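Heads up, the thing below is written out as structure tokens.
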2 protein chains.
Amino acid sequence: MPGLQTKPPSRIQQENRRAILDAALDAFSTHGFRGTTLDQIAEKAGLSKPNLLYYFPSKEAIHTELLSGLLDTWLDPLRALDPAGDPKAELLRYVHRKLEMSREMPRESRLFANEVLQGAPHLGPLLGTGLKALVDEKTVVLRAWMDEGRIARLHPVHLIFSIWALTQHYADFDVQVRAVLGDEGTDPYPEASLFIDTLFTKLLSP
Amino acid sequence: MPGLQTKPPSRIQQENRRAILDAALDAFSTHGFRGTTLDQIAEKAGLSKPNLLYYFPSKEAIHTELLSGLLDTWLDPLRALDPAGDPKAELLRYVHRKLEMSREMPRESRLFANEVLQGAPHLGPLLGTGLKALVDEKTVVLRAWMDEGRIARLHPVHLIFSIWALTQHYADFDVQVRAVLGDEGTDPYPEASLFIDTLFTKLLSP
DNA sequence: CGTGATCCTGACCAATCGGTCAAAAGATAA
DNA sequence: TTATCTTTTGACCGATTGGTCAGGATCACG
């Protein structure tokens, strides 16, 4: 069907869409969907509200656009788990990549947390399909490794849960982490990395 | 100063205030503060909106009342950690009590998660004072146990973080947990309890 | 019973929300 | 320059929000 191709986005369109999505990520991740107003996003993006709605048809559209790419990005490290690699090394690499993502993409982590916390009203059934499928696939690998006695026998899904919980905790509960640790300026991640490494090394040893 | 004492709440006041707080806990924990409307709370509590505001001066007041008691309740299990008890037994008891709370008070867990996730705008400095003080106190106990070689040497604060993260995960990310595990009706907690027990048993062994 | 305090409600309000629209301003290419 | 397309805006809209208020219903108690 020739003639139906979409025009390539202009430089202005690229810049403004990026600015909007960035501002929206900031807002949605700290105030939630309903807690965020279009005016907030517009101001942070340096645009007027009607101009916002020139680039995106609605508030939901912005939120959806952010969420849609997120799940994939978020699961990339798990997807990279190599069945042919060394079990312990592969899992520890996964853990560290996940912790690194918490540190470098805390806004995305919180956006995701907000969504799941409220019952995943927008991500919805994607959890039961795409996410579950990936976990099921990797579960087979984990079970094989356990059968071969290369890592300790554990419930594979709960093992994955534990990785998610421990790593995302440092992004999602950042305020609490810093409040408890004191030492305002200090970066909690180095110690966290060490601790989590120890934890999973011990846990996975048969 | 006689004459200044507050009148005891009538039966109706007790019932309605309880109904309101219960309805509000439901709403706030699943939609967040801004995502919740007074009409939602009123309907769920079986009252009219003006009647709501007869018992509480504002939406914030309800939210504050819920949060104020929460932190204490939430930290009770940690407070109960007995320095004179057996280290491993004490810590495992703490872990299990915490997991039990996630199972039986998921709404409270999510309310707390929502608050911290958004930067603790209402709980505010209480994290840096009350919470930090308690953790610091228990940190001393943990360090002593480690010095005596009765549990493995770990960063005590991150150890506590790991307990929080792992147990609260099952309440806060309940939707995701159930989606990934499949088996709609099944209760994930028995397996979770087993897994977490194994994890901390291994982790704490010197 | 009656009477005062407690409890409850419909009607209303100002502010804010997401979103629309017509038209101006700016860019682009002939 | 002119004509066309893209980008931006101020003014505006209906719906919803948290909250008020005057007065009516109901209760406890002498």
Side-chain angles (χ1 to χ4, degrees), chain A residues 3-67 114 118 121-122, chain B residues 3-67 111 114-115 118 121-122:
Chain A
L4 272 190
Q5 70 233 6
T6 319
K7 284 186 186 167
S10 71
R11 181 184 48 88
I12 283 185
Q13 281 210 20
Q14 283 184 1
E15 284 181 6
N16 281 347
R17 282 183 60 98
R18 215 180 45 84
I20 290 169
L21 288 175
D22 189 74
L25 178 56
D26 245 61
F28 284 140
S29 66
T30 56
H31 303 310
F33 179 74
R34 288 213 41 182
T36 299
T37 72
L38 285 179
D39 299 84
Q40 280 175 38
I41 303 178
E43 195 193 3
K44 219 173 284 200
L47 300 170
S48 66
K49 185 168 65 170
N51 203 11
L52 248 196
L53 293 160
Y54 170 75
Y55 291 99
F56 290 90
S58 69
K59 181 182 170 184
E60 275 235 21
I62 306 177
H63 190 248
T64 300
E65 177 112 350
L66 282 175
L67 269 185
N114 253 309
Q118 309 196 353
H122 306 93
Chain B
L4 273 188
Q5 70 234 2
T6 320
K7 284 186 187 170
S10 71
R11 180 185 47 88
I12 283 185
Q13 280 212 20
Q14 283 184 1
E15 284 180 7
N16 281 347
R17 281 184 61 98
R18 215 181 46 85
I20 291 170
L21 288 174
D22 189 75
L25 178 57
D26 245 62
F28 283 141
S29 66
T30 56
H31 303 315
F33 180 74
R34 288 212 43 179
T36 300
T37 72
L38 284 179
D39 300 84
Q40 279 174 38
I41 302 178
E43 195 193 3
K44 218 173 282 199
L47 300 171
S48 66
K49 186 168 63 169
N51 203 13
L52 248 196
L53 294 160
Y54 170 75
Y55 290 100
F56 290 90
S58 70
K59 181 181 170 184
E60 275 235 21
I62 306 178
H63 191 248
T64 300
E65 176 112 352
L66 281 175
L67 270 184
L111 178 68
N114 254 307
E115 169 70 7
Q118 310 197 351
H122 306 93

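Below, read A as the first sequence line, B as the second, and so on, with proteins coming before strands; counting in each chain starts at 1. In this text the structure is predicted, and so the values were computed from the model without any measurement.
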Shortest non-hydrogen separation from B/I20 to B/I41 and the atoms involved: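 Nearest heavy atoms, B/I20 then B/I41: O-CG2, 4.0 Å.
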Nucleotide [N], atom [atom2] - distance to [atom1] of [X] in whole Å:
X	N	atom1	atom2	result
B/H63	D/dG18	NE2	C1'	15 Å
A/F56	C/dG19	CZ	P	13 Å
B/R34	D/dT16	CZ	C1'	12 Å
A/F33	C/dC17	CZ	P	14 Å
B/K59	C/dT16	NZ	P	14 Å
B/I20	C/dC7	CD1	P	11 Å
B/E43	D/dT17	CD	C1'	16 Å

message: Rounded to the nearest 0.5 Å, what separates atom CZ in B/R18 from atom CD in B/Q14?
response: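 With rounding to 0.5 Å, CZ (B/R18) is 9.5 Å from CD (B/Q14).
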task: Enter the distance from A/Y55:OH to A/L47:CG here, rounded to the nearest 0.5 Å.
output: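 A/Y55 atom OH to A/L47 atom CG measures 7.0 Å (nearest 0.5 Å).
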task: Assess whether atom CD of B/E43 is packed by more than 12 heavy atoms of other residues, nucleotides or ligands within 6.0 Å.
output: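 No, CD of B/E43 has 12 or fewer neighbouring heavy atoms, counting only those of other groups under 6.0 Å.
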Could you list all N or O pairs between the protein and nucleotides 13-15 of chain D that sit under 3.5 Å apart?
none

- prompt: NA contact type, A/L38, heavy-atom cut-off 4.0 Å: base, sugar-phosphate, or nothing?
  reply: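 If one applies the 4.0 Å heavy-atom cut-off, A/L38 turns out to touch the sugar-phosphate alone, with no base involved.
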query: Does the pair A/T30 and A/N114 meet the rule for a side-chain contact (heavy atoms from CB on, under 4.5 Å), with working shown?
result: CA-CA 9 Å; A/T30 56; A/N114 253 309; over 6 Å; no
Any side-chain heavy-atom pair of B/F33 and B/E115 under 4.5 Å: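 A side-chain contact is absent here, since even the closest heavy-atom pair is not under 4.5 Å.
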message: Taking the side chain as everything from C-beta on, heavy atoms only, tell me whether B/R34 gets closer than 4.5 Å to A/T37.
response: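 Yes, side chains in contact.
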message: Return whichever of A/L53 or A/Q40 has its heavy-atom-nearest nucleotide of DNA chain C closer to the 5' end.
response: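 It is A/Q40 whose nearest nucleotide is closer to the 5' end.
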So which protein N/O to nucleotides 7-9 of chain D N/O distances come out below 3.5 Å?
| from | atom 1 | to | atom 2 | distance (Å) |
| --- | --- | --- | --- | --- |
| D/dT7 | OP1 | A/S10 | OG | 2.6 |
| D/dT7 | OP2 | A/Q13 | NE2 | 2.9 |
| D/dT7 | OP2 | A/Y54 | OH | 3.0 |
| D/dT8 | OP2 | A/N16 | ND2 | 3.0 |
| D/dT8 | OP2 | A/N51 | OD1 | 3.4 |
| D/dT8 | OP2 | A/N51 | ND2 | 3.2 |
| D/dT8 | OP2 | A/Y55 | OH | 2.5 |
| D/dT8 | O5' | A/N51 | ND2 | 3.1 |
| D/dT9 | OP2 | A/S48 | OG | 3.1 |

- request: Could you check whether the rings of A/F28 and A/H63 sit parallel, tilted or perpendicular, using 30° and 60° as the cut-offs?
  value: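 Taking A/H63 first and then A/F28, their aromatic rings stand perpendicular (interplane angle over 60°).
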